[in-house]
Structure formats: C-alpha cells, structure tokens
Amino acid sequence: GAVSSAPGGSSAMLYLSQYGYLGPVKANSSQLLDESSFRKAVEDFQSFAGLTVTGELDDQTMETMQLPRCGVKDKVGTGDNRAKR
Amino acid sequence: YALQGSRWKVKNLSYKISKYPPKLKRKEVDAEVQRAFNVWSGYTDLSFTPKSGQVHIEIRFETGEHGDGDPFDGPGGTLAHAYFPVFGGDAHFDASESWSINSYRGTNLFQVAAHEFGHSLGLSHSDVRSALMAPFYRGYDPAFSLDQDDVSGIQALYGKKTTKSAPSGDDDAGVGESQDVPNTVNEPESGSRDTSLCQDPTFDTIFNSADGFTYIFKGSKYWRLTEESIAPGYPKMISEGWPGLVGNIDAAFTYKNGKSYFFKGSKYWRYKGRKMDGDYPKDISEGFTGIPNDIDTAMVWSGNGKIYFFKGTKFWRFDPSQRPPVKSTYPKLISNWEGVPDSLSAAFQWTNGYTYFYKDATYYRFNDRAFSVDQTNPAFPRSTAYWWFGCQDAPSGTVGTSESRG
C-alpha cells in the first residue's frame with residue numbers, strides 16, 4: 001500500500017531518503033512505496049538512533065527526526081541494492 | 001563505529017577556512033577549528049596545519065544551495081556536512097545556524113566541527129549514542145571528550161598515536177579529554193618478588209586501572225604486573241588498596257568513564273581510583289540489568305568498547321547507551337569467540353591492545369581483527385605463570401605449549 005499519504009509520512013519519507021534509509025524520493029511527486037520497505041526503513045532508523053524498534057512513525061521517532069543533525073547519510077554503501085552479487 | 005571505506009594516505013594534512021560565519025570573529029573560528037582537529041590528532045599521528053593555497057580539507061560556511069547539490073535548510077535541521085577522503089574531505093557548515101563558542105546558546109561550533117572532521121577523515125555515522133560520530137547534535141557539552149567508539153574508529157583508520165603528547169592535544173583550552181584524575185595510592189616498591197603465583201598461577205580477576213596499571217586479584221590479595229612479570233613489594237591486601245572492597249572478586253574492569261567496577265556474587269562495587277564512588281555494593285540486577293549473578297569474568301572489548309560478561313558457556317553484551325542495555329538476542333555461546341574456552345577465569349585488554357582470556361593456569365590471546373585466538377608458535381593456550389608472572393619453572397601441567405619457546 002501507499003504510505004506516503006499518512007500524516008507525517010511524506011516528510012518522514014523525505015527524511016529517510018535524505019539520510020540513506022530509502023532510495024531517492026522526489027519531494028514534488030507522489031510515490032507508491034511498498035509498505036514493508038517503508039517499515040524496514042523506519043526500523044533501521046529507529047535501531048540506528050537507539051530508539052525502540054517498532055517500525056511505526058511513533059512520537060519518539062518523529063521527535064528524533066526533528067533533532068538538529070549532520071547532513072551526511074547514516075547509511076553509506078550498505079550494499080542492500082547489490083545483494084545478488 | 002563505521003568506516004566509510006576511504007582514508008588519507010598521508011598523516012600530515014593541511015586545511016583552510018575559505019568562508020567564515022558572519023557573527024563570529026575570524027580568530028575565534030580559527031581557534032575552534034584547530035581545536036576540533038586536535039580532537040583527532042590527540043589519538044593518532046595525524047597533524048592538521050592551516051595553510052593558504054591548495055589544501056587537503058577546505059572549510060566553508062555557506063547558506064542554502066552552495067554548489068554541491070546538497071543545500072542547507074536554514075536554522076535547525078541539517079547543521080553541516082562533510083565529504084569523505086575519497087571525495088576530497090571538505091567540510092561545509094550552514095552559515096545560517098547560530099554558531100557559538102563555549103556557550104549553551106546556539107550551536108557549538110567546536111563539537112560540530114569535530115564531528116564533521118571525523119567524516120573528512122573517513123568515519124561514517126556511528127550507532128553508539130554517546131559517540132561524537134552519532135549523527136544528532138546533543139547540545140553544548142563543556143566536558144566533551146571522544147567516546148571510546150570514536151577512538152577505536154579513528155585508530156582503525158590511522159593507527160594509535162606513537163608520540164607522547166596529551167590525548168586532547170589541547171591543554172590550554174580545557175576541553176578534550178576530561179577524565180577524572182584517579183585517586184591513586186603511592187605504592188612503594190621494595191623487597192623481593194613474590195613467587196606464590198608461580199606455585200599456583202590461578203587468580204580471580206585481572207584488570208587495568210584508570211592510571212594505566214594492570215592488577216591481579218586473588219583471594220584477599222592483589223599484585224601489580226609489570227611488562228614482564230609482577231612488581232616487587234606485592235602481594236598486598238585488597239582491603240587496603242581499595243578500602244571497602246571484599247576479597248574473592250569474580251570480575252573487574254575499568255570503563256571509559258575512568259571508573260573501575262568489581263563484581264562478586266550478586267553485588268558490584270564502583271571505584272574512582274582507589275576511592276569507593278558512592279554507596280556500594282549494589283545489586284548487579286540494579287546497575288547491570290540483564291546480567292546474571294556469579295559471573296565468571298567481564299571485560300570491555302576493544303573491538304567496540306562495549307562491556308562483555310561471561311559465565312559458563314555463555315556471554316552477554318552490555319551497552320549502557322542502549323535501552324535495554326542487553327539485547328534480547330543475548331546470551332550467546334562463548335564458542336562464537338573462536339578458540340576461546342568456556343568457564344573462563346578472567347579476561348581483559350592489555351596495554352598492547354590485545355584481548356586476553358584466562359582459564360585455570362593458562363591463557364589465550366585473542367585477535368580482535370581476525371576475531372579468533374591467534375595462531376602462533378608457541379600456540380595458545382600458554383602458561384600464565386611463565387609468560388605473565390615471569391616464573392622460570394612453572395609447575396607441571398601449567399606450562400601448556402610454552403616449552404617450545406626454547
């Protein structure tokens with residue numbers, strides 16, 4: 001299902017994309033994203049940030065996404081997209 | 001820590017600040033930037049020299065889109081970004097942030113710069129919350145110091161510092177390493193060397209104190225180790241060296257906060273140097289939730305700076321910065337540590353960086369990079385009496401393979 005239409009979802013998608021948890025997301029277009037991919041991205045972010053891993057965009061997760069931070073991606077070259085090699 | 005995958009081939013790096021922030025004096029920015037570089041040069045042989053012309057690392061304070069396709073977003077949000085060595089190492093700071101120096105107001109320039117320079121040197125973001133290389137800005141920390149995770153990361157790239165300057169490299173600024181000075185006891189070293197450990201080389205625990213000495217605890221006594229054997233003037237009574245501490249300790253380690261922790265049965269004690277650090281003992285279940293009583297040994301593993309507890313065939317990883325500090329995937333089997341036996345007597349990291357495991361009268365040297373016990377000649381396990389206590393005639397059955405030392 002599409003999750004980007006959920007409240008806070010699109011900004012979270014942009015955040016997750018900007019910091020390497022999701023593939024590139026365009027801010028000016030609606031996109032369909034597999035729910036499990038989005039959930040995994042949220043889980044990865046929660047795990048990396050030391051939050052309780054729920055896969056949900058809960059308050060704690062959204063608050064953490066609003067913290068001032070470094071602009072460098074958290075996930076650099078994870079190899080997720082070249083698993084077949 | 002996480003390494004991006006590139007690093008500088010040279011250790012003498014140059015930098016320049018091409019564009020300054022609008023509200024700070026240039027001289028102050030210069031000093032803060034140099035201080036931020038010193039954070040990393042304090043633990044490696046890296047040096048950072050300000051220069052004009054072509055340099056390794058260029059530093060700029062910019063607003064919005066500034067030519068690299070990664071625009072800044074105004075106050076808050078993204079504070080800065082930097083490029084890994086393979087991409088040039090440059091560091092860009094959002095000029096619209098309220099950059100501050102030694103102040104709780106605004107965004108601390110020194111801390112953010114030190115973080116960005118970590119990227120410039122090849123470090124990615126760490127998932128250790130307390131690490132400088134964690135991605136989130138945590139506010140001004142007047143007692144800032146590098147986390148062990150950061151130190152391990154930068155030393156994995158550039159090796160340990162071989163010169164003997166202060167770790168912070170920044171003595172007059174009062175920032176950098178802020179570890180408590182341990183309350184050490186002067187220990188006269190006189191008399192002949194004790195040989196009781198040669199007769200029975202088993203012991204309860206071994207650990208490094210915050211002041212850099214290695215101690216062995218056995219029953220109610222303790223010994224200090226030298227590079228090759230045991231120091232003269234020992235054994236001494238644990239109750240005199242660490243007032244309030246009991247004998248027959250199960251495990252001990254000194255954490256990166258400079259404090260030493262001792263475990264026995266269901267209790268633990270915390271010491272700052274030789275002084276008990278509060279009201280102890282406390283229950284292990286209280287201070288180390290998820291760790292069982294009656295552990296065999298504990299250590300801080302140099303591979304990641306986390307605390308490992310061992311008991312019987314199992315081990316637990318404890319990370320105070322995580323909730324819960326012990327993940328649900330623990331305990332795991334000690335057999336995951338290739339070559340390390342079950343039912344350990346002791347374990348610790350020595351000053352040479354290797355991790356050592358002790359069982360009965362023998363020991364194993366663990367290679368943190370290969371993640372296995374070293375394959376050497378003579379092989380491990382080796383005789384503790386011979387190699388650690390300087391005993392020439394280790395008792396029968398404790399020599400292990402050390403006879404082949406020749």
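Naming convention: chains lettered A, B, ... in sequence-line order (proteins, then strands); numbering from 1 in each chain.
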Run the side chain to side chain contact (heavy atoms under 4.5 Å, CB included) check on B/Y255 and B/V300 step by step: do they pass? CA-CA 7 Å; B/Y255 196 49; B/V300 179; 3.9 Å; yes
Hey, what do you get for CG (B/L24) to CH2 (B/W99), rounding to the nearest 0.5 Å? 10.0 Å
Answer with side chain, backbone, both or neither: which region of A/T64 has an atom nearer than 4.5 Å to a non-hydrogen atom of chain B? both
Chain A contact via B/T107 - side chain, backbone, both or neither, heavy atoms under 4.5 Å: neither
Can we call the ring centroids of B/Y43 and B/Y158 under 6.0 Å apart? no
Quick check on the interface: out of A/L51, A/D74, A/L67, who has the most heavy-atom pairs with chain B under 4.5 Å? A/D74
For B/R129, is it the side chain, the backbone, both or neither that has a heavy atom under 4.5 Å from a heavy atom of chain A? side chain
With a 4.5 angstrom heavy-atom cut-off, could you sort out which part of A/Q66 is near chain B: side chain, backbone, both or neither? neither
Please confirm whether B/H125 and B/H119 have ring centers closer than 6.0 angstrom. yes
B/Y15/B/F117 aromatic ring centres below 6.0 Å: no
Check: B/H92 ring centre within less than 6.0 Å of B/Y83 ring centre: yes
Sort B/E97 into side chain, backbone, both or neither according to what part of it lies under 4.5 angstrom from a heavy atom of chain A. neither
Which atoms of B/F84 are under 4.5 Å from chain A, going by heavy atoms: the side chain, the backbone, both sets, or neither? side chain
